[in-house]
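Report on one structure; see the data block that follows.
Atoms within a ligand are numbered from 1 in the order they appear, just like the ligands themselves.
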Amino acid sequence: MSQSYDYDLFVIGAGSGGVRAARVSAGMGKKVAIAEESRYGGTCVIRGCVPKKLMVYASAYSEMFEDARGYGWSVAEPSFEWGAMKKARDTEIDRLEGIYRKMLNGSGVEMFDQRARLIDGHTVELADGKRISAKTILIATGGRPALPSFEGVDHAIVSDDIFDIETQPESVLCIGGGYISLEFACVFHGLGTKVTVSNRSTLLRGYDGDVRAHLIEALEHKGIDVRLGINPVKIEESGGRKLVTFDDGSTLTVDTVLAATGRRPNTNDLGLEETEIAMSKGGAIEVDAYSRTNVPSVYAIGDVTDRVQLTPVAIREGMAFVETVFNDNPTSPDHELIATAVFTQPEIGIIGMTEEDAREDHDVAIYRSTFRAMIHTLPGREEKTLMKIVVDKASDKVLGVHIVGHHAGEMIQCAAIAVKMGATKADFDRTMAVHPTSAEELVTMREPVAEG
Ligand code: NDP
């Protein structure tokens, strides 16, 4: 290390991306420090993916208790205790945060439990006023929920707040048609809360049309009130309840309003303006293909760059950063063909192009199957699984796979390997089915949907 700096690397933000980059760099013998003003693990571990998924598991039991009867079980009337779930979930998150801290400590990363901001391309200042220099600075401060602006929006909570709720609300309005609104709508519904979802357009805009239609039908069939093409204009509080007025004049009174209308990069008061680090209009740090900002010694990864807001992407960007900066191997993170899952109930798993996008540049064949998964037969549950494969007719290449149903997230991870490798529909067809599974449908759809 050049003797003129305190550290080889200073990371601001101990979320998934920042922790990975810090830990791997330290493992390579670099002198590394990290600053975190909140808890170690960031959005994903503390107030996002992980506690959310634990709540998804909790909420799925209500249907499992019902379905168990179809398999011969007699089940006493189940009851759910929000406080018990919260306590178990919070204990697990504490454990995971402890692991993050232990891993950093074990790799020799020095941790500063306070806010840091940039002073210049090689200097950060901690909240206690201490200044630290580093040869390279990595900004990995993530994102935060973005509130829409309308009268009384302060009466709404955001996703971060869900994890602090002490008493289960009897009714919830989830504003937004994205991942967060829909995942929590299903969680609350499964736990017994009365749920309404509203969005100004449709649900999951940009997703394949069949996927959207299938999900909307499934949510409504469960009893979730889905109101599309409307936007709230006012929230008034009365006696602890919230009266919401929409732009079509309709109203709704609920205990809790969740505003899940997107997330913005966390760039406030980071010293970026003073350091002249280029930012987009939306407040994201602009970076090149190697996650480098316009200040050569400063890099940025993860949601703060607003490339793809997903944990595994931030981690990959962190790994590519380490390769580039500390292993003399310029590596650009690959943002092509990212599989993703939405943990609604039913779950969604997708990789690649929607039919609508594919049709813009390709002559496509569409393979689609809708069926009742075997697990639902004895309980008599109506829920259907949707599988859809979008194929380029000219090359036979699979352009997209879309699944809505039980374990779609698990299935799409495996399908994604094939799609990423450039598999053709013939490759899918010559793969022997695993029977009896839902996933076998992916390799047994022989006839394309009739055109016209
Ligand atoms: P999304 O961008 O997915 O969805 C935002 C929703 O809010 C859209 O339906 C949008 O409507 C609506 N909206 C946006 N702005 C306004 C506004 N001003 N007024 C009213 N409605 C508005 O955001 P989320 O908050 O759901 O999630 C943020 C990100 O977090 C996601 O992009 C995802 O990458 C990540 N995430 C991933 C998860 C996973 O992998 N399972 C889980 C949770 C989050 P419209 O469509 O009309 O624009």
>> Among all protein heavy atoms in this structure, tell me which lies nearest to atom 42 (C) of ligand 1, with the distance rounded to 0.1 Å.
In response: Glu183 OE1, 3.2 Å
>> Show the nearest heavy-atom pair for residues Ala300 and Arg307, with the distance to one decimal.
In response: O-NH2, 3.3 Å
> Ala341 to ligand 1: N or O pair under 3.5 Å?
Replying inline: yes
>> Looking only at protein heavy atoms, which one is nearest to atom 47 (O) of ligand 1, and what is the separation?
In response: Ser201 OG, 2.6 Å
>> Using the rule side chain to side chain contact (heavy atoms under 4.5 Å, CB included), only one of Ile46, Asp113, Val45 pairs with Tyr40; which is it?
In response: Asp113
>> At less than 4.0 angstrom from any non-hydrogen atom of Gly176, what atoms of ligand 1 do you find?
In response: 7 (O), 9 (O)
> Looking only at distance, does Ile175 have an N or O less than 3.5 Å from an N or O of ligand 1?
Replying inline: no
> Between Trp82 and Phe188, how do the two ring planes meet: parallel, tilted or perpendicular, split at 30° and 60°?
Replying inline: parallel
>> So if I count the atoms of ligand 1 from 1 in the order they appear, which ones are less than 4.0 Å from some heavy atom of Arg205?
In response: 45 (P), 46 (O), 47 (O), 48 (O)
> Among protein heavy atoms, which sits nearest to atom 4 (O) of ligand 1, and what does the distance come to when rounded to 0.1 Å?
Replying inline: Gly178 CA, 3.3 Å
> Heavy atoms only: which of Gly206, Gly262, Pro232 is nearest to atom 5 (C) of ligand 1?
Replying inline: Gly262
> What closest approach, in Å, do Ile351 and Ile338 show between heavy atoms, and which atom pair accounts for it?
Replying inline: CD1-C, 3.9 Å
> By number and element, which atoms of ligand 1 are closer than 4.0 Å to a non-hydrogen atom of Gly177?
Replying inline: 6 (C), 8 (C), 9 (O)
Which pairs would a plain distance check flag for residues 141-149, meaning a side-chain donor or acceptor within less than 3.5 Å of a matching protein atom at least two apart in sequence or in another chain?
from   : atom 1 : to     : atom 2 : distance (Å)
Thr141 : OG1    : Asn266 : O      : 2.9
Arg144 : NE     : Asn266 : OD1    : 3.3

> Is it the side chain, the backbone, both or neither of Leu310 that has a heavy atom closer than 4.0 Å to ligand 1?
Replying inline: side chain
>> Ring-plane angle category for Phe112 and Phe10, please: parallel below 30°, perpendicular beyond 60°, tilted otherwise.
In response: parallel
>> Taking distance alone, with N or O pairs closer than 3.5 Å, would you say Arg263 contacts ligand 1?
In response: no
> Can you tell which part of Gln309 has a heavy atom less than 4.0 Å from ligand 1: side chain, backbone, both or neither?
Replying inline: both
> Between Ile180 and ligand 1, is there a nitrogen or oxygen pair with a distance under 3.5 Å?
Replying inline: yes
Please table the atom pairs, donor to acceptor, closer than 3.5 Å between any side-chain atom in residues 230-240 and protein atoms at least two apart or in another chain.
from   : atom 1 : to     : atom 2 : distance (Å)
Glu237 : OE1    : His155 : ND1    : 3.1

>> Return the closest protein heavy atom for atom 17 (C) of ligand 1 as residue, atom name and distance.
In response: Arg200 NH1, 3.5 Å
>> Heavy atom to atom 10 (C) of ligand 1, shortest distance: which of Thr261, Asn199, Asn231 holds it?
In response: Asn199
>> Would Lys53 and Phe343 count as a cation-pi pair here, with the cationic atom under 6.0 angstrom from the ring centre and within 45° of the axis?
In response: yes
>> Students should be able to answer this: which protein heavy-atom is nearest to atom 38 (C) of ligand 1, and at what distance?
In response: Tyr179 CD2, 3.0 Å
> Between CE of Met421 and CG of Asp427, what distance do you get to the nearest 0.5 Å?
Replying inline: 8.5 Å
>> Quick check with a 6.0 Å cut-off and a 45 degree axis cone: is Lys384 positioned over the face of Phe371's six-membered ring?
In response: no
